[in-house]
> 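So that we are looking at the same thing, I have put the structure below in structure tokens.
Sequence lines set the chain letters: A, B, ... in the order given, protein chains first and strands last, and positions in each chain run from 1.
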Amino acid sequence: MQIFSCPFCGPRPEYEFHFGGDLGNHRPEGPEVSAEVWAQYLHFRNNPKGASEEIWLHMTCGEIFALQRDTLTMEAAPGQALTAAEGRP
Amino acid sequence: MTARRLPRGGEIDRTRPLRFTFDGQAVSGFHGDTLASALLASGQPVLGRSFKYRRPRGLFGAGVEEPNIYADVTGDGQFRPNQRVTTEPAIEGLDLRAVNASPTARNDRTGFIDLCARFIPSGFYYKTFMWPDWHLFEPRIRAMAGLGRVETGQTGPSGDQINHFCDVVVVGAGPVGIAAALALARRGDEVMLVDEGSRIGGSLLYRDARIDGVPGADWLPAASAELAALGVRVLTRTTAFGIYDHGLIALNQRREAGRPDTLWRVRPDRIVLAAGAIERPLPFAQNDLPGILSAQAGLAYLRRFAVLPGARLVIATNNSTGAEVAGAMAAAGASVTLIDRRPQATGPDTVDLRAGRSLRRAFGRGQVTGVELDDGTRLDCDGVLVSGGFTASIHLFAQARGKLAWDDRRLTFLPGAEVPGLTVIGAAAGHFTLADGLAALPAALGLSSAPVAESAPYDITPAWPEPGRKDRVWVDYQHDVTAKDVELAARENFVSVEHLKRYTTLGMATDQGKTSNLNGLALMGQITGRTIPEVGTTTYRPPFTPVPYASFAGPRGASRMNPVRRLALETQHRAAGAVLAEYGGWLRPVHYGRDETAILTEARMARQAVGLFDASPLGKIEVIGPDAAEFLDFIYYNTMSTVKSGHCRYGFILSESGVVFDDGVLVRLDVDRFVVSCSSSHTAGVHALLEEWRQDRFPRKAIFIHNATAETATITVSGPRARDTIVAAGIAADLSDAAFPHMTSRWLAAEALRLTRVSFTGDRSYEISVRQDRAAALWDRLAEAAARHGGGPAGIEAIMILRAEKGFIVIGKDSDGMTRPMDLGVSGPLRTKKAEFIGRRSLFQDEAQRPDRNQLVGLLPADGQGLLPVGGHGLDLSGPVPRSIGYITSSSPGAAVDHPVALGLIERGASRHGEEIVIQHLGQRRRARICAPCFLDPKGDRLNA
Ligand SMILES: [Zn+2]
């Protein structure tokens, strides 16, 4: 069982977390978003072997955060707040 | 076999005799016996049948490696299937039943199968039972297939689970493991020492040893006392069965007296693996006969339980450990022949040594009676003890992704490159003598010194199964895999070790090939001209030994698995005679009164007078903050920022794929304060959705979300007498339609409650939300007032009738994973809404815009046969084959109307009102007429009646 580190709570067992998709899968907006671009956003996932940048939800506190981990070695860096990861307020 | 109990010795308590039964026959033993030692002492050689050929089998091992003898055990407060008799303590009154045998191990009526053995080699099932269909044969084969019974009625005890942190876990409490634990604890580490045996000591319990000049038997109690003094947590009957990600080691602790097992999840800084080694069998014909035991197991039975495995024993070995076993058996009174494959072998004077010789075959029917040597010599005997060398128990190291390295001198795989946080010591690291194991400790653990032992050096010569033999040499006892099966696999090109395993099932039994794997892959290597490391091993996976499901489940069972949520008003509902059932995770009143006829009565009462309905599970999620209105515009399909304070608006929330996710009424309490009301069973999902978009899209300090569902009780008062009821209950407010119109909300400070006029029934309705601890008093007042106005409580099923009559939908019931809002007749926002919202782009996709989509309709029976079936499909019969044109989603009798009503999703339904269609359900065809999805008061006059 892995241990992930919630930016709000610290290290906790993986069963408290829920996968939230790829980090950086930004929502295309505007009137002219093509069907292809929209489908890419909706349906296509990276599923990399090795380094992976992901979004996770810590279900017990509700924090949604960025997590960098390695799908091969299972190493997981401490989680980072979404705002910090994306440079938002 | 003349195995017998010696008059003296062993760790058994002869003052405490006990009895249990095996296949109905009484077996006597002593406190301290294992089931296996008592069974061996009973002199009965046949204790089980093999899995496939049903050959008679006896004990081979004395611990977790045992491949042969398993039993279903009843007693001691529980039923446990497939228990390994070598690791279970003998307890007074147990009933054992041999597995793989019918009716008993000794008189098995399927024993004839072995006579057909050459017709049922590996792969037989795959090749034979193909035509016409495997399922034709499956029931009888399954019935004959082995292993124990499953008691389907038994839910099992629920075990404890413990999470634990410490500095070090030492796996294996043999002398080297104990020495390691002591050294680390002396240094100040918090140490846990676990062993699968019933007591610590490992090989010290039966092998000769001197440690620091003291006999092993004296060193052990002193070490044990020091472990206690240092506070080392010692767990016996505890198997470290798996290593998982991020340094988790899982332990299963077996309890006694009916107590369920305990699962430990431990996260130490360091794992020290001192799991020892397992002795391999020797390859010779009929090497599976009862009476042929592992030499180390024979020694353990002799020294620990005072059971001598035979009077005339042959000890066969390819390594230096046979001599000690031979000497001990001779000293205990057996006449012993030691057959050592090593030409330079030596042995004690008390035994007949045949150096440089090996076994070719064993003889006997049902038990071994003699052997033939490779030089043709025949010897009579009543027991054979074999040692084919030792396989280091590196299972946990391999599970931790440790790479293995073949050792050509010791003939075993050993830990290769180091795994961080994991240290392998003792026999598991290939130190097959105590002296070597202890001598290697300081370097392995960074100690200044370690205890010292003296041992003869370990020496071994290969004795692998060889290809091309005509007779039957067993490789895997438990799954009945012979050398010929391995050869067959090679002939059919299943030469990869993983293919070999699947094709022959070598190593796939419950013992996971602890005694057999290495012999099997060595043989495959010889057949295919590869070395053992070239053949490689299969992947090691948890668990090391079988772990009961009850252990993994722990206390999470039945209602604790998914606890049902309880209403604050449950007492009131029960007092009113409610029948309660689970709806969307909540225990809710279905109806009040004895039977289901109450449902329609309640619905009519609510239409004619007033109904009280506990709507507490309805989601109430507060959204607060300066950006709240903009946020909700993005969340909802409908524009919500234009709702005035104190007003409500009904709307949809979509998923990004444009499918309707939930519906509900949004209440604007104030400029920057809203309550999102959502379906009872979607509350968690909507809350998660709100949080996701808040955190992902909006500035952190501009919106705050609070799920107030659990802390708030909601009582709905609905019906033409609803207003009168509230007045009669003494709730002081101006309830005139001018002051308090439909779709508005008021906070009544004096009553500390929120009054909201929304309706899920089509009648005048008020939702009263109150802190849940105040709900009971409020309910009592309302119930009394409702009774005075000819009404009373109504259950959820009555409400379902009322809403169906009005065509009010339940998302997930009257919609599915394809339903867009336009399909439900709400396309305004798509045309007019300016702001971006969830799922918007998806609504413009071709799929969402297709003209032939399934759309919400009302359906009336057109054949006079009453209620239409939910799930029944509409049929298009114009083509060569019938085609589904959608289905019925809800159906109920009418309460205010005098006919049944139904809702459905029908292809192009919105433009087909008035059309009659055929409905098919479970082979029956019905006729239904499509109509608008509203059967009562389409203008909404009743809202203000
Ligand atoms: Zn957290």
> In terms of heavy-atom pairs under 4.5 Å with chain B, which of A/Glu29, A/His43, A/Glu14 leads?
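So the answer, after comparing A/Glu29, A/His43, A/Glu14, is A/Glu29.
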
> Heavy-atom pairs under 4.5 Å with chain A are the metric here; pick the option from B/Arg697, B/Glu656, B/Gln845 that has the most.
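Ranked by heavy-atom pairs under 4.5 Å with chain A, first place is B/Glu656.
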
> Measure the acute angle between the ring planes of A/Tyr41 and A/Trp38, then classify it against the limits of 30° and 60° as parallel, tilted or perpendicular.
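A/Tyr41 and A/Trp38: tilted rings.
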
> Just checking B/Phe844: does its CZ atom have more than 12 heavy atoms from other residues, nucleotides or ligands closer to it than 6.0 angstrom?
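Atom CZ in B/Phe844 is packed in, count exceeds 12.
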
> Give the interface residues of residues 619-632 of chain B toward chain A, defined by a heavy-atom separation under 4.5 Å.
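Counting heavy atoms that sit under 4.5 Å from chain A, no residue of residues 619-632 of chain B is involved.
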
> Parallel, tilted or perpendicular: which describes the rings of B/Phe837 and B/Tyr637, with under 30° parallel and over 60° perpendicular?
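The arrangement is perpendicular - the two ring planes meet at more than 60°.
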
> Which word best sums up how the rings of A/Phe17 and A/His58 line up, parallel for under 30°, tilted for 30 to 60°, or perpendicular for over 60°?
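Parallel, since the angle between the ring planes stays under 30°.
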
> Report, in residue-number order, which members of residues 59-77 of chain A are under 4.5 Å from chain B by heavy-atom distance.
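If one takes a 4.5 Å heavy-atom cut-off, the residues of residues 59-77 of chain A near chain B are A/Gly62, A/Glu63, A/Ile64, A/Leu72, A/Thr73, A/Met74, A/Glu75, A/Ala76.
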
> Say you draw a straight line from SG of B/Cys166 to CZ of B/Arg270; how long is it, rounded to the nearest 0.5 Å?
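Rounded to the nearest 0.5 Å, the SG-CZ separation comes to 12.5 Å.
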
> Could B/Arg841 and B/Glu836 be called an ion pair, given the rule that one side-chain N must be under 4.0 Å from one carboxylate O?
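No, B/Arg841 and B/Glu836 are not salt-bridged.
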
> Give a yes or no on this: more than 12 heavy atoms of other residues, nucleotides or ligands lie within 6.0 Å of atom CD of B/Glu847.
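Correct, the count exceeds 12.
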
> Can you tell which part of B/Asp846 gets under 4.5 Å to a heavy atom of chain A, answering side chain, backbone, both or neither?
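Contact with chain A: none, neither part.
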
> Under a plain distance cut-off of 3.5 Å, with no hydrogens placed, do B/Asn252 and B/Thr239 share a side-chain donor-acceptor pair?
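Absent: no donor and acceptor within the cut-off.
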
> Which residue out of A/Ser34, A/Pro13, A/Gly20 racks up the most heavy-atom pairs below 4.5 Å with chain B?
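Highest number of heavy-atom pairs under 4.5 Å: A/Ser34.
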
> Run the ring-centre check on B/Phe552 versus B/Phe241 and record whether the distance is less than 6.0 Å.
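Ring centres of B/Phe241 and B/Phe552 closer than 6.0 Å.
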
> Heavy-atom pairs under 4.5 Å with chain A - which of B/Arg265, B/Arg401, B/Glu691 has more of them than the others?
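The answer is B/Arg401.
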
> Please determine if A/Arg45 and A/Asp22 form a salt bridge, counting it only when a charged side-chain N lies under 4.0 Å from a carboxylate O.
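The answer is no: the pair does not qualify as a salt bridge.
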
> If we define contacts as heavy-atom pairs under 4.5 Å, which of B/His687, B/Glu692, B/Lys701 has the most with chain A?
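Winner by heavy-atom pair count: B/Glu692.
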
> Atom NE2 of residue position B/His706 - does it have more than 12 heavy atoms of other residues, nucleotides or ligands inside 6.0 Å?
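More than 12 within 6.0 Å, yes.
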
> Tell me if the centroids of the rings in B/Phe698 and B/Trp693 come within less than 6.0 Å of each other.
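No, too far apart.
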
> To the nearest 0.5 Å, what is the distance between CG on A/Leu82 and CD on B/Gln695?
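Here the interatomic distance stands at 6.5 Å.
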
> Answer with side chain, backbone, both or neither: which region of A/Ile3 has an atom nearer than 4.5 Å to a non-hydrogen atom of chain B?
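Both the backbone and the side chain of A/Ile3 come within 4.5 Å of chain B.
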
> Where on A/Gln2 is there a heavy atom nearer than 4.5 Å to chain B: the side chain, the backbone, both, or neither?
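Its backbone and side chain both get close to chain B.
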
